[in-house]
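Take a look at the structure below.
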2 protein chains.
Amino acid sequence: MSKPTTKDLARAAGVSMATVDRVLNARSGVRKATVDRVNKAIKEINFVRDMAAANLARSKEYSLVFLLPDHDDEFIDLVRESVAEANASMAHERTNLRIIRAPANDPHRIAQMLDLLSAEQIDGVAIMAPETPQVRDSIARLDAQGVAVVAFESHQPTAKSAYYVGINNEAAGRTVGQLMARFTGERQGSVLVLTETMQARDSQERRLGFDAIMSKYAPRLRVRPSMETYGDPARTAKIIKAASENLPPVVGVYLMNHNIGETMKAIKMLGASLQTVIIGHELTPQTRECLLDGSMDAVITQDVGHLVRSSIRLLRAKAARMGTVASQERIRIEIILRENMPEDT
Amino acid sequence: MSKPTTKDLARAAGVSMATVDRVLNARSGVRKATVDRVNKAIKEINFVRDMAAANLARSKEYSLVFLLPDHDDEFIDLVRESVAEANASMAHERTNLRIIRAPANDPHRIAQMLDLLSAEQIDGVAIMAPETPQVRDSIARLDAQGVAVVAFESHQPTAKSAYYVGINNEAAGRTVGQLMARFTGERQGSVLVLTETMQARDSQERRLGFDAIMSKYAPRLRVRPSMETYGDPARTAKIIKAASENLPPVVGVYLMNHNIGETMKAIKMLGASLQTVIIGHELTPQTRECLLDGSMDAVITQDVGHLVRSSIRLLRAKAARMGTVASQERIRIEIILRENMPEDT
DNA sequence: ACATTATTGAGGTGCGTACATCATATTGGA
DNA sequence: TCCAATATGATGTACGCACCTCAATAATGT
């Protein structure tokens with residue numbers, strides 16, 4: 001016979017549908033013994049609740065919010081794009097998405113915006129923001145209100161209710177390290193590491209992983225201290241120029257910063273040898289172009305669309321008290337060379 | 001106001017719900033002018049059909065079938081696992097999955113099994129089988145019956161109704177080539193290519209891509225003709241022994257065959273130098289172990305879970321005449337090193 | 001044993017759609 | 001202009017579940 005329904009469950013448990021309903025929705029007024037009996041029956045007849053029908057009956061719409069930094073870099077652009085795309089396709093599944101923006105370095109403002117969400121009827125929030133006490137407290141408040149929360153691309157380790165969606169940055173750094181070690185062959189020289197700021201936790205973690213592998217597999221190379229660009233093109237150019245004027249020669253560059261346009265321009269202007277191995281993060285129009293023209297050798301990235309969809313699934317599941325498929329939510333660290341670069345988007 | 005329903009649509013179009021229903025489900029008995037009027041109203045009020053409710057009302061269960069080769073290698077194992085997992089999680093979405101097996105080299109049997117499916121009430125089939133006239137005809141018959149078909153991991157170019165789900169094998173071969181070229185540094189020597197059989201189309205495509213890159217980026221290396229193992233351990237050992245006894249020294253091995261256990265054993269027995277770069281396909285327990293112990297340098301793979309889920313989504317969408325999110329269905333060519341290896345499964 | 005209170009059952013309505021039936025309206029053609 | 005064919009409307013039931021009310025029953029305390 002086909003899928004058991006609540007009716008079948010009621011019969012199997014020897015109770016009425018009203019009681020089944022009370023148990024399924026964790027309503028009060030049911031003796032423990034009865035609850036157990038129903039749960040036992042659920043297992044016995046292998047009952048799975050039809051969430052589509054349930055949501056229909058509830059006439060419930062899930063509202064999810066993405067809180068993103070209010071500056072624009074190519075990564076954020078990709079996220080916004082993916083959210084918009086997901087929003088279109090999730091309309092069928094009674095889910096609507098919204099993006100709100102907040103200055104990344106203003107914890108109070110972020111917390112305030114999160115608190116404002118509490119007032120609305122929001123079911124879940126994906127938060128991309130640095131960890132601060134204010135944000136942590138706001139997450140706790142959301143959690144207390146039953147709002148699902150995931151930490152999007154940014155760890156919130158002290159907010160235990162916020163599941164982290166993103167890659168392991170230390171492993172990502174190790175991956176870059178391994179590629180750098182191997183792509184540089186037997187060459188000797190120095191390796192530059194560029195980042196927007198080492199304040200960011202992900203930069204620190206990546207650097208950690210990178211150093212570990214480099215010292216193990218490429219002790220012949222001298223990895224220089226991280227150079228911070230602060231997103232300033234002029235500063236970036238100066239830094240690179242200064243670094244390239246010193247010996248030993250630069251045989252590798254690890255770009256951890258996002259908007260690499262200026263950086264690559266500076267590097268190209270110096271006429272860096274083709275031997276210089278350049279590896280960066282995130283597959284964006286810019287890095288894509290650099291891979292194609294050969295100026296970059298590899299990009300370590302994550303599937304932003306997957307990241308977004310995964311967050312949505314997790315939030316929805318939490319909000320609807322459903323289960324998830326763990327393997328589907330694993331975010332992989334992807335290595336992109338020119339040869340395996342996906343064609344579109 | 002919230003989502004418009006069919007009732008709103010009926011009012012907006014100035015027709016009855018019955019007519020709306022006829023238009024939405026493309027039933028006959030509606031004048032063209034009326035159809036247009038309804039379609040116009042759909043756009044005006046931005047009506048989107050609630051597929052959850054529609055499927056509920058239809059009380060339709062989608063039955064999808066995976067036709068897989070009946071031999072067992074680790075890739076097939078992964079597929080079976082993923083299908084089982086998906087089946088569990090798709091129960092919520094009124095979809096049930098089934099696997100049937102057929103000998104890969106018996107086109108008649110495969111065609112026969114496909115034809116048998118026509119008798120049952122199947123909504124879609126994912127076919128993993130070599131392209132043959134028999135299979136092509138069966139696919140055409142399925143298509144004529146309104147059964148959705150995707151070509152799973154195996155091109156069916158002449159069956160235009162079967163959308164291909166899988167990676168671009170030529171690009172995969174190019175990717176292996178690029179890694180081989182770079183990982184071997186400046187070393188000189190020969191490169192072995194092992195495969196089960198060069199009969200398989202994917203082997204040919206991979207070899208093609210591999211050679212293109214190798215001749216371009218690593219002309220210093222001599223890529224040997226493909227050696228076929230026919231899945232025979234003894235033969236494999238012999239081949240490898242013979243190859244390693246000839247000069248120039250083997251600096252790289254490209255393993256296109258699936259069950260690499262025996263192959264790796266043979267290679268290890270010869271005490272191949274650590275310098276030998278070994279690259280293979282598919283992340284399985286075996287290759288995973290080889291990556292961890294350093295005996296393999298890289299694995300080019302695809303996310304089997306994603307492959308399966310993508311097939312399911314495509315089949316379901318086709319069966320329910322819905323749209324799909326193209327970007328979600330793109331199967332990426334993944335490069336796995338020890339550093340970015342996913343932890344589980 | 002009686003009053004309370006805690007459980008449980010029965011039944012109804014609604015969610016947004018599919019689908020079938022029968023009645024009515026519109027249209028084309030002779 | 002009238003008939004038949006076709007197009008549309010009205011209505012009811014079903015899908016699997018949520019959620020509400022009211023009544024009936026069982027368990028509890030005193």
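Side chains are part of it too, since the values below use all heavy atoms of this structure and drop only hydrogens, waters and symmetry mates.
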Most 5' of B:Ala53 and B:Val20 on DNA chain D, judged by nearest nucleotide: B:Val20
Any donor-acceptor N/O pair, A:Asn87 side chain to A:Val83 backbone, under 3.5 Å: no
Spacing of A:Asp21 atom CG relative to C:dT8 atom C1', expressed in whole Å: 13 Å
First of A:Met17 and A:Arg31 reached from the 5' end of DNA chain D, by closest nucleotide: A:Met17
Side-chain N or O of B:Thr6 closer than 4.0 Å to phosphate OP1/OP2 of C:dT17: yes
Euclidean distance, atom CG of residue A:Asn55 to atom C1' of C:dT17 [Å, nearest integer]: 16 Å
N/O (side chain, A:Ser16) to phosphate O (OP1/OP2, C:dG9) under 4.0 Å: yes
Nucleotide C:dT8, atom C1' - distance to CZ of A:Arg37 in whole Å: 10 Å
5'-most by nearest nucleotide on DNA chain C - A:Ala18 or B:Arg27: A:Ala18
For A:Gln156, the option from A:Thr132, A:Val135, A:Val149 that meets side-chain contact (heavy atoms from CB on, under 4.5 Å): A:Val135
B:Arg58 vs D:dC15: side-chain N/O to OP1/OP2 distance below 4.0 Å: no
A:Ala57 side-chain proximity, nearest of C:dA18, D:dC17, C:dT17: D:dC17
Atom pair distance, as rounded to whole Å: CG in A:Leu9 and C1' in C:dG9: 16 Å
Salt-bridge present (A:Glu131, A:Arg136; N to O < 4.0 Å): no
Short side-chain N/O contact from A:Thr19 to OP1 or OP2 of C:dT8, under 4.0 Å: no
Which nucleotide in C:dG9, D:dC19, D:dG16 has an atom nearest any side-chain atom of A:Leu56: D:dG16
Parallel, tilted or perpendicular: rings of A:Tyr164 and A:His155 (30°, 60°): parallel
Distance, rounded to the nearest Å, where B:Asp50 contributes CG and D:dC17 contributes P: 16 Å
Any B:Leu64 side-chain heavy atom under 4.5 Å of B:Val125 side chain: no
Separation of atom NZ in B:Lys7 from atom P in D:dA10, rounded to whole Å: 13 Å
Nearest-Å distance for atom pair CG/C1', residues B:Leu24 and C:dC19: 13 Å
B:Arg22 side-chain N/O to D:dA7 phosphate OP1/OP2 under 4.0 Å: no
Atom pair distance, as rounded to whole Å: CG in B:Asp8 and P in C:dC15: 11 Å
Minimum-distance nucleotide to A:Asn25 side chain [options: D:dA18, D:dG9, D:dA26]: D:dA18
